[in-house]
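Contents: one structure, followed by commentary.
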There are 2 protein chains.
Amino acid sequence: MVVDQLDDAEVDRLFHALADATRRDIVVQAAAGNLSVSALARRYPMSVTAIQKHVAVLESAGLVRKERRGRERIVTTEPASLAAAHQMLDRLEAMWRGRLDRFGGVLSEIPKGDQT
Amino acid sequence: MVVDQLDDAEVDRLFHALADATRRDIVVQAAAGNLSVSALARRYPMSVTAIQKHVAVLESAGLVRKERRGRERIVTTEPASLAAAHQMLDRLEAMWRGRLDRFGGVLSEIPKGDQT
DNA sequence: CTATCGTACAACCGAATGGTTGTAGATCAG
DNA sequence: CTGATCTACAACCATTCGGTTGTACGATAG
């Protein structure tokens with residue numbers, strides 16, 4: 001596993017980047033990787049600069065990649081990054097599950113398909 | 001599935017809550033559900049009030065539950081909430097994967113175990 | 001009853017967020 | 001060359017964040 005040693009700051013950036021509806025949507029829109037920054041901007045009710053900033057946040061979180069094509073910058077979603085997010089959740093889950101195990105007893109409360 | 005219709009604001013709150021190392025740690029510490037707010041606060045280099053606020057954020061994201069026990073408030077991690085986070089990531093992933101499908105061609109770039 | 005502990009809440013503060021406008025440099029079209 | 005387009009970046013602004021201190025109140029201990 002290459003994506004393994006995620007430090008706190010990295011995880012912070014990752015979840016922070018995902019904590020915004022516009023950014024989550026950009027991740028989806030940029031999946032096919034053929035949209036420029038301004039092309040993206042046209043899809044949202046805000047300025048190009050605002051989108052530039054969102055893309056920058058996504059980029060520094062590793063969720064997206066920007067490559068130049070002529071005068072435009074094509075934004076492409078980074079496939080591995082969502083996997084990394086999953087991995088983080090798994091890790092979190094494993095940790096509190098470990099806590100539970102060590103304390104025992106309360107295990108009956110997480111029948112694996114629980115809901116509230 | 002009970003946890004299904006997560007609206008944007010809810011997802012925002014969820015990921016935002018997870019985008020802080022202290023809060024993520026609280027989620028783990030509170031797994032066994034026998035720690036009060038002040039007991040939690042003793043584990044971090046910050047004031048009780050700061051922890052209260054973190055717990056409030058986690059609570060409004062549904063990641064944690066607070067129940068009164070005498071004069072203390074016991075903080076307990078909500079098992080279903082992490083599952084909800086997973087579900088959100090799955091949904092995101094499904095969406096951009098759908099985009100890819102519709103565009104076709106680039107599929108070879110995500111061999112399912114990819115890493116930058 | 002009194003003192004202490006755990007919590008709640010308001011007020012404040014500096015830093016970061018999420019948006020804007022304005023300016024300027026590259027690249028492309030005619 | 002000229003003009004339009006795309007991007008970058010600085011500056012600004014209001015709001016939110018993450019922390020603090022201070023005050024108040026209910027619950028517990030002596």
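We name chains A, B, ... by the order of the sequence lines, and we start the count at 1 in each one. The shown structure was predicted, so the numbers you read here are calculated from the model rather than taken from an experiment.
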Touch class at under 4.0 angstrom, heavy-atom based, for R69(B) against every strand present: nothing

D12(A) CG - dT17(C) P separation (whole Å): 10 Å

Selected nucleotide, minimal atom distance to R68(A) side chain, candidates dT17(C), dG22(C), dA26(C): dA26(C)

Integer-rounded Å distance: dA16(C) P and D20(B) CG: 14 Å

From dG18(D), dG19(C), dA8(C), nucleotide with atom closest to H16(B) side chain: dG18(D)

Atom pair distance, as rounded to whole Å: CG in L18(B) and P in dG18(D): 12 Å

Value in whole Å for how far the P atom of dT7(C) lies from CD of E67(B): 13 Å

Test item: side-chain donor near acceptor, H86(B) and D90(A), under 3.5 Å: yes

I26(B) CD1 - dG18(D) P separation (whole Å): 11 Å

Nucleotide dT7(D), atom P - distance to CG of L40(A) in whole Å: 9 Å

Distance test, side-chain N/O of S47(B) to OP1/OP2 of dT20(D), below 4.0 Å: yes

Test applied, side chain to side chain contact (heavy atoms under 4.5 Å, CB included); reference residue, T77(B); option that passes from L82(B), I26(B), V27(B), V28(B): V27(B)

dC6(D) phosphate, OP1 or OP2, under 4.0 Å from K66(A) side-chain N/O: no

Listed nucleotide nearest any side-chain atom of R73(B), set dT7(C), dA10(D), dG18(D): dT7(C)

Touch class at under 4.0 angstrom, heavy-atom based, for S38(A) against every strand present: sugar-phosphate

Atom pair distance, as rounded to whole Å: CD1 in I51(A) and C1' in dT7(D): 14 Å

Sugar-phosphate only, base, or nothing, as touched by S36(A) at under 4.0 Å among non-hydrogen atoms: sugar-phosphate

Side-chain heavy atoms of L89(B) within contact of F15(B), under 4.5 Å: yes

Options dT7(D), dT20(C), dG19(D), nucleotide nearest the side-chain atoms of K53(B): dG19(D)

Touch class at under 4.0 angstrom, heavy-atom based, for T22(B) against every strand present: nothing

H54(A) side chain reached by V57(A) side chain, heavy atoms, under 4.5 Å: no

Out of dG19(D), dA8(C), dG18(C), whichever nucleotide has its closest atom nearest the side chain of Q52(B): dA8(C)

Nearest-nucleotide pick for E72(A), side chain only, options being dC6(D), dC17(D), dA10(D): dC6(D)

Test log, rule salt bridge (charged side-chain N to carboxylate O under 4.0 Å, His left out), inputs R13(A) and E10(A): CA-CA 5 Å; R13(A) 261 177 279 133; E10(A) 232 169 315; 5.4 Å; no

Whole angstrom value for the distance that separates P of dG6(C) from CG of L35(B): 13 Å

5' precedence on DNA chain C between A39(B) and M46(A) (nearest-nucleotide basis): A39(B)

Minimum-distance nucleotide to A50(B) side chain [options: dG19(D), dT7(C), dG22(D)]: dG19(D)

Note, M46(A) side chain near T22(A) side chain (heavy atom, < 4.5 Å): yes

Side-chain donor/acceptor contact of R71(A) with base of dT5(D) under 3.5 Å: yes

